[in-house]
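First up is the structure itself, then whatever we jot down about it.
Throughout, numbering of the chain's residues begins at 1 and tracks the sequence. Small disclaimer: the values here were computed from a predicted structure and weren't measured. FYI, side chains are in, hydrogens and waters are out, and symmetry mates aren't considered; it's all heavy atoms of this structure.
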Amino acid sequence: MKGSDQLVDMALLYFSLSFLCIGGTIPLVPDMHRFFVDTRGLMTTTEFAGYIALAQVAPGPNILYIALFGYHVAGIAGALTALTAISFAPFVMMVITTRMFTRLQQNPWREVVLRGLAPVTVGLMFAGCMVLTRGFADWRAWALAGVAFVVFMTTKLHPLWMIGAGAVVGVAFGM
């Protein structure tokens, strides 16, 4: 596939997924994995998960991993295409929704809609986590993920501490 075809495919993917950015882009990880790894073979699951991990520890917005995917496929043009395509529709919808929700401040349906979106977001995030754990080849990675889950559910520890601990354990045990 030529570079320009890849840019168009990637732009179409991200533009269509941008309408599903409920609670951020992490819930879209399964569809991105399907595109980049399963159907197009543009990267491995390890590379895919590595880009997400890198974007999570870097300062700035979580959406940076989308630019990394684009860069991996088509350099700077790919990064800019991916970010533009994923950002345009949510930006327009945010402007429209903000105006609408301001006018509907007292409407009881406003709260119903917001409460209804919460479980959708959690479910989509869980699906993304399941895709990322597919790359775990050994029980130690699963044990580390389980410990991280328990720590996150029982404490208010900042995620960077767990990412750092995971990196140290990974290096120490050659994972």
Side-chain angles (χ1 to χ4, degrees), residues 6-40 48-74 76-134 145 148-164 166:
Q6 288 178 335
L7 285 175
V8 170
D9 271 0
M10 194 169 44
L12 290 173
L13 167 79
Y14 281 129
F15 183 73
S16 64
L17 288 179
S18 71
F19 290 96
L20 302 173
C21 287
I22 300 169
T25 57
I26 290 292
L28 307 177
V29 164
D31 289 314
M32 287 185 260
H33 185 274
R34 193 174 306 110
F35 178 87
F36 288 106
V37 179
D38 296 340
T39 61
R40 302 292 195 292
F48 184 87
Y51 287 136
I52 292 176
L54 179 61
Q56 297 298 312
V57 298
N62 280 347
I63 201 169
L64 290 177
Y65 67 91
I66 290 175
L68 292 172
F69 293 162
Y71 186 80
H72 180 89
V73 172
I76 296 293
L80 293 173
T81 298
L83 284 176
T84 301
I86 197 76
S87 301
F88 181 74
F91 174 75
V92 171
M93 288 190 307
M94 180 197 64
V95 170
I96 293 168
T97 305
T98 300
R99 289 182 179 169
M100 182 181 73
F101 266 54
T102 301
R103 281 187 283 131
L104 299 174
Q105 193 75 24
Q106 302 304 319
N107 191 320
W109 281 101
R110 177 179 184 246
E111 196 60 36
V112 170
V113 168
L114 291 176
R115 287 180 186 264
L117 288 175
V120 171
T121 302
V122 171
L124 288 170
M125 291 177 80
F126 183 72
C129 291
M130 294 308 297
V131 166
L132 292 176
T133 58
R134 272 195 223 162
F149 177 77
V150 169
V151 168
F152 286 135
M153 295 305 292
T154 59
T155 70
K156 292 186 183 214
L157 190 63
H158 194 281
L160 284 178
W161 288 108
M162 288 305 298
I163 292 170

* Could you go through the side chain to side chain contact (heavy atoms under 4.5 Å, CB included) check for Leu104 and Trp109 one step at a time? => CA-CA 9 Å; Leu104 299 174; Trp109 281 101; over 6 Å; no

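- Looking at Ser16, its side chain does come within 3.5 Å of a backbone N or O of Leu13 through a donor-acceptor pair.
- For Ser18 against Ile86, the heavy-atom pair with the smallest separation is CB-O, 3.3 Å.
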* To do: Would you sort out whether Val37 and Met32 count as a side chain to side chain contact (heavy atoms under 4.5 Å, CB included), showing the intermediate values?
  => CA-CA 8 Å; Val37 179; Met32 287 185 260; over 6 Å; no

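- Side-chain contact between Asp9 and Arg40: present, with at least one pair of heavy atoms (C-beta onward) separated by less than 4.5 Å.
- Minimum interatomic distance between Ala11 and Ala85 (heavy atoms only, all atoms of both residues): O-CB, 3.5 Å.
- In this structure, Phe69 has its ring center under 6.0 Å from that of Phe48.
- Between Gly78 and Met10, the shortest heavy-atom contact is O-CE, 3.5 Å.
- Taken from CG in Leu68 to CG in Leu83, the straight-line distance is 9.0 Å, to the nearest 0.5 Å.
- Taking the side chain as every heavy atom from C-beta outward, Leu54 and Tyr65 never approach each other to under 4.5 Å.
- Between the OG1 atom of Thr98 and the CE atom of Met93 there is a distance of 11.5 Å, given to the nearest 0.5 Å.
- Taking CD1 of Ile63 as the start and OG of Ser87 as the end, the distance is 4.5 Å to the nearest 0.5 Å.
- Dense packing is recorded around CZ of Phe152, with more than 12 heavy atoms of other residues, nucleotides or ligands lying under 6.0 Å away.
- The closest side-chain heavy-atom distance from Phe101 to Leu114 is below 4.5 Å.
- Defined by atom type and a distance below 3.5 Å, a donor-acceptor pair is missing between the side-chain atoms of Tyr14 and Thr81.
- Considering OG1 of Thr25 and CG of Leu17, their distance stands at 10.0 Å, rounded to 0.5 Å.
- Minimum heavy-atom separation, Ile26 to Gln56: CD1-NE2, 3.8 Å.
- Here the side chains of Phe36 and Val73 are in contact, with some heavy-atom distance below 4.5 Å.
- Note that CD of Glu111 and CD of Gln105 are 10.0 Å apart. Values are rounded to the nearest 0.5 Å.
- Rounding to the nearest 0.5 Å places CZ of Arg99 at 10.0 Å from CE of Met94.
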